[in-house]
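Each remark here refers to the structure printed beneath this line.
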Amino acid sequence: MIKIIEGIVQIGDIVRENDPVKNIIVELPYKKGENALHVLKFNFLPEENKLEIDVNEEMDEGTVFKYLYVGKILGNSPLWYASSTSSDYILTETIYNLTKMDFGEELNKKLKDIFEKFYVSIEELEPKYRYVLDLSKSGYKEKSVQDLFKEIKEDKKNENLSPNEIGKKFRKKVSKYFEGYLKKKKYRTRRNRFIYCFY
């Protein structure tokens, strides 16, 4: 028992000596062969009611620290991390979950403003899937979020699915639609992969 306690104390000393945030940063590859991977930034411009997608920044060994990439939350916990290797959560639940936290008056106000101006609510879905980034704010207006949801609802294969399963399918469809947008803009190629983040 004493050895276990000594081990815990040693771990505590190591954590205190180092930056605790750095201790949870997850490393990511920043190159694929000779090609640099990229950061995809969602740049919200509330004053202009506009969303910019920026893919110009190449990743390097410091990118995970710059954007505090800490990996994924395991289990069913609400996802609130502002950087991810998947667009799924940023397109749906992340901003909503961040608005439920307290970051101080100024940041709380900015998050609420972004949420209200840039996210569409699909009332039939539970909160985890209900709020979706309105990609038309970036100028991509091929389909609306409501059109995408209607396609899921009208697909006969989905008739007997639970609301949770419908939500998952909808999020997957939104992600696929966003990937299509990236390909059309020539942002996405087989060699071009991203870490997604808010800017």
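For the atom pair CG of Asn35 and CD of Glu58, the computed distance is 9.0 Å after rounding to the nearest 0.5 Å. Residue Leu107 holds its CG atom at 11.0 Å from OG1 of Thr99, rounded to the nearest 0.5 Å. Note that CD of Glu179 and CG of Leu91 are 8.5 Å apart. Values are rounded to the nearest 0.5 Å. To the nearest 0.5 Å, the span separating CG on Leu37 from NZ on Lys32 amounts to 8.0 Å. The distance from atom CG of Asn49 to atom NZ of Lys117, rounded to the nearest 0.5 Å, is 6.5 Å. Interatomic distance, Tyr119 OH to Thr92 OG1, rounded to the nearest 0.5 Å: 8.0 Å.
Surrounding CG of Asn160 are at most 12 heavy atoms belonging to other residues, nucleotides or ligands under 6.0 Å away. By the neighbour-count criterion of 12 heavy atoms within 6.0 Å, atom CD of Glu106 is sparsely surrounded, having that number or fewer from other residues, nucleotides or ligands. The 12-atom threshold is exceeded at CD of Glu126, counting heavy atoms of other residues, nucleotides or ligands nearer than 6.0 Å. Remark: Lys173 NZ is packed, more than 12 non-hydrogen atoms of other residues, nucleotides or ligands lying under 6.0 Å away.
Between the side chains of Asn97 and Thr94, no donor N or O sits under 3.5 Å from an acceptor N or O.
Aromatic ring centroids of Phe115 and Tyr131 lie under 6.0 Å apart.
Checked against Glu93 for a salt bridge (Lys or Arg N to Asp or Glu O under 4.0 Å), the options Lys100, Arg171, Lys168 give a single hit: Arg171.
Every residue two or more places apart in sequence or in another chain was checked for a side chain to side chain donor-acceptor pair (under 3.5 Å) with Asp155, and none qualifies. The side chain to side chain donor-acceptor pair (under 3.5 Å) search around Glu47 returns none, not counting sequence neighbours. Applying the side chain to side chain donor-acceptor pair (under 3.5 Å) rule to Glu124 yields the partners Lys153; only residues at least two apart in sequence or on another chain are considered. Looking at residues two or more places apart in sequence or on another chain, you find a ring pair (Phe, Tyr, Trp, His ring centres under 6.0 Å) between Tyr140 and Tyr177, Tyr181. Judged as a side chain to side chain donor-acceptor pair (under 3.5 Å), and not counting sequence neighbours, the contacts of Lys143 are Glu151.
Of the possible polar contacts, one joining the Asp147 side chain to the Ser144 backbone as a donor-acceptor pair under 3.5 Å is found. Between the side chain of Asp54 and the main chain of Lys41, no donor-acceptor pair closer than 3.5 Å is present.
The shortest non-hydrogen separation linking Lys169 to Ile152 is O-CD1, 3.8 Å.
For residues 130-139, there are no salt bridge (Lys or Arg N to Asp or Glu O under 4.0 Å) pairs, not counting sequence neighbours.
When side chains are defined from C-beta on, Leu40 counts as touching Leu182, because their heavy atoms get closer than 4.5 Å. Side-chain contact check for Ile90 versus Phe178: every heavy-atom pair is 4.5 Å or farther apart.
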When you look at Phe118 and Ile95, which way does the side chain to side chain contact (heavy atoms under 4.5 Å, CB included) test go after all the steps? CA-CA 10 Å; Phe118 291 90; Ile95 287 280; over 6 Å; no
Apply the test side chain to side chain contact (heavy atoms under 4.5 Å, CB included) to residues Thr63 and Leu28: give CA-CA distance (whole Å), side-chain angles for both, the deciding distance (0.1 Å), then the verdict. CA-CA 9 Å; Thr63 300; Leu28 283 174; over 6 Å; no
Side chain to side chain contact (heavy atoms under 4.5 Å, CB included) for Val132 and Leu125? Distances and angles first, verdict last. CA-CA 11 Å; Val132 182; Leu125 296 173; over 6 Å; no
Would you please test Tyr129 and Ile166 for side chain to side chain contact (heavy atoms under 4.5 Å, CB included) and show each step? CA-CA 9 Å; Tyr129 306 107; Ile166 291 281; over 6 Å; no
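The hydrophobic cluster containing Leu45 does not contain Leu133, counting ILVMFWY residues as joined when their side-chain heavy atoms lie under 4.5 angstrom apart, directly or transitively.
With salt bridges taken as basic N to acidic carboxylate O contacts below 4.0 Å, none links Glu105 and Lys109.
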